[in-house]
Q: 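Questions regarding the structure given below will be posed in turn.
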Number of protein chains: 2
Amino acid sequence: MKAENKHSKIISAATKVFAKKGFFTARISDIAKEAKVADGTIYLYFNNKYDILLSVFEEEVGKIVEKTDKLLSSEEDPKKMLEIFTIQHLMAMKKNKNLAEVIQIELRQTNKVIKDYRNNKFSEYTGIIANIIKKGQETGIYKADIKADIAKRAYFGALDEVSRVWNASLETHYTVEEIADQLLTMFLTGILHKPAENTP
Amino acid sequence: MKAENKHSKIISAATKVFAKKGFFTARISDIAKEAKVADGTIYLYFNNKYDILLSVFEEEVGKIVEKTDKLLSSEEDPKKMLEIFTIQHLMAMKKNKNLAEVIQIELRQTNKVIKDYRNNKFSEYTGIIANIIKKGQETGIYKADIKADIAKRAYFGALDEVSRVWNASLETHYTVEEIADQLLTMFLTGILHKPAENTP
DNA sequence: ATTACATGAATGAATAGCCATTCATAAATT
DNA sequence: AATTTATGAATGGCTATTCATTCATGTAAT
């Protein structure tokens with residue numbers, strides 16, 4: 001069996017298992033079983049349990065970053081860019097619900113214990129939001145007094161929390177487009193009614 | 001020693017320890033040590049480890065809900081209400097950074113494993129946001145086509161993520177007021193420049 | 001073509017360490 | 001002295017990780 005194949009089989013099994021049980025309650029044997037591989041085999045491809053989580057995180061987030069960059073590269077309008085980012089994020093999370101969970105786990109749990117931080121694909125990812133905002137500020141369409149580093153967090157947080165509920169989904173009949181529309185409306189124009197002055 | 005005293009001593013010790021090490025890597029003996037109590041004593045006040053976490057969560061979030069309700073009760077303007085909510089949340093999280101962490105842990109980690117859900121103070125809390133929005137929509141100052149249940153999540157997510165970084169704070173020299181101002185600006189009026197039509 | 005040998009991947013039972021929980025015993029309080 | 005509260009060492013269960021062994025494939029010698 002080809003090596004690469006097994007590596008990725010384990011990665012995707014782990015994604016599934018971590019998402020379902022959480023990192024700490026997931027057993028190596030669960031992952032092994034899910035990947036249809038012996039327990040020991042996992043240690044041929046990963047150093048330890050945490051290494052699996054980190055790999056899942058970095059690799060999968062890496063893919064998303066790459067895809068997002070590609071999608072954005074052909075767009076110049078900061079407003080459209082934010083729209084693309086939003087839809088892309090929500091679609092990715094809906095498609096791979098397990099990944100959404102893993103991101104949340106890794107982000108909030110484990111780096112508390114193990115300080116490694118490698119390349120940190122994640123800050124790369126939120127950095128994309130910051131860049132969109134900065135670009136819009138240069139163009140002049142976004143408010144200049146918005147701080148990009150606060151805004152990127154706020155917007156990521158909003159996206160993330162909306163996706164979280166998706167998973168824990170007791171509900172959410174909304175489509176990606178509906179949610180994206182709501183988020184973009186809020187973030188771009190706010191929830192306040194504009195004073196109706198622009199009627200000619 | 002008074003019983004109630006010991007109960008709350010354990011709660012606050014646990015808050016500290018969970019925040020620092022995360023639920024799963026925190027040891028009962030850590031909590032006991034922090035509370036200056038014997039390991040066994042903890043089991044006189046709580047059923048098990050998870051019960052401690054849940055108690056921390058429910059009790060502390062409960063306090064915040066109560067305080068927030070009180071602060072809001074004397075205010076009618078939905079715009080001011082959101083402002084109050086925002087500042088109150090950020091202050092509470094800054095004051096009790098540990099609690100901010102525990103909320104995140106509980107929210108995203110553990111209820112995956114143990115389904116209990118008791119009263120769920122948390123939905124009560126986000127419900128406050130939803131109510132503010134609905135009220136503003138009735139008054140007519142908030143856009144009618146914003147869905148309160150999406151908006152509440154988005155806004156809570158934004159607040160929460162901003163507070164998270166606070167803790168992991170590698171930076172954040174911002175004051176509560178600055179951050180609140182930024183979030184409110186974004187959420188109320190958006191990041192887009194208003195088309196400058198309201199100059200008379 | 002067949003056999004013998006080599007290599008490295010894969011296995012999964014055994015190990016070893018950790019830590020939540022219990023409980024016999026000891027204060028402390030009534 | 002009876003009862004309540006507290007202690008912390010001992011127990012027991014759990015699971016990450018290891019490693020001796022097997023298996024599969026390739027190479028070379030006959």
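Heavy-atom basis, side chains included; hydrogens, waters and symmetry copies ignored. Letters A, B, ... are given to chains in the order of the sequence lines, protein chains preceding strands, and every chain is numbered from 1. All values derive from a computational prediction rather than experimental measurement.
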Q: Between A:Ile10 (CD1) and C:dT11 (C1'), how many Å, whole number?
A: 13 Å

Q: Under 3.5 Å, is there a donor-acceptor pair between the side chain of B:Gln137 and the main chain of B:Ile146?
A: yes

Q: Output a table of donor-acceptor pairs, distance under 3.5 Å, between side-chain atoms of residues 78-85 of chain A and any protein atom two or more places apart or on a different chain; print 'none' if there are none.
A:
none

Q: Any carboxylate oxygen within less than 4.0 angstrom of a Lys/Arg side-chain nitrogen, looking at A:Lys135 and A:Glu76?
A: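 Counted as a salt bridge, because a side-chain N and a carboxylate O are separated by less than 4.0 Å.
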
Q: Before you tell me yes or no, could you show the steps for B:Tyr155 and B:Thr86 under side chain to side chain donor-acceptor pair (under 3.5 Å), namely the whole-Å CA-CA distance, both residues' side-chain angles and the distance that decides it to 0.1 Å?
A: CA-CA 9 Å; B:Tyr155 199 60; B:Thr86 304; 2.6 Å; yes

Q: Going by side-chain contact (heavy atoms from CB on, under 4.5 Å), B:Ile52 matches just one of B:Tyr45, B:Tyr43, B:Phe46. Which one?
A: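 Output: one option passes, namely B:Phe46.
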
Q: Is any side-chain nitrogen or oxygen of A:Tyr45 closer than 4.0 Å to OP1 or OP2 of C:dA9?
A: no

Q: Starting at CG of B:Leu44 and ending at P of C:dA27, how long is that distance when rounded to a whole Å?
A: 17 Å

Q: Could you state the NZ-C1' distance from A:Lys33 to C:dT11, rounded to the nearest angstrom?
A: 16 Å

Q: For atom CD of B:Glu66, is the number of surrounding heavy atoms from other residues, nucleotides or ligands below 6.0 Å larger than 12?
A: no

Q: Please pick, from C:dA10, D:dA6, C:dT11, the nucleotide with the shortest atom-to-atom distance to any side-chain atom of A:Val37.
A: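 Closest nucleotide among those given: C:dT11.
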
Q: What's the NZ-P distance between B:Lys9 and D:dA6, to the nearest Å?
A: 10 Å

Q: Rounded to whole angstroms, how far apart are CD1 on A:Ile42 and P on D:dT15?
A: 14 Å

Q: Take the angle between the ring planes of A:Phe122 and A:Phe57 and call it parallel below 30°, perpendicular above 60°, tilted in between.
A: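 If you compare the ring of A:Phe122 with that of A:Phe57, the planes turn out tilted.
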
Q: How would nucleotides 19-24 of chain C be written as a contact map, 5' to 3', with B for base contact, S for sugar-phosphate-only contact and - for no contact, using protein heavy atoms under 4.0 Å?
A: SSBB--

Q: Examine A:Lys49 relative to A:Phe23 and say whether NZ or CZ is less than 6.0 Å from the centre of the six-membered ring and inside a 45° cone about the ring axis.
A: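 Yes.
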
Q: How about A:Ile64 and A:Leu99: do any of their side-chain heavy atoms sit closer than 4.5 Å?
A: yes

Q: Does C:dA10 have OP1 or OP2 sitting under 4.0 Å from an N or O in the side chain of A:Lys6?
A: yes

Q: Are there any protein N/O atoms within less than 3.5 Å of an N/O atom in nucleotides 2-4 of chain D, and if so, which ones and at what distance?
A:
none

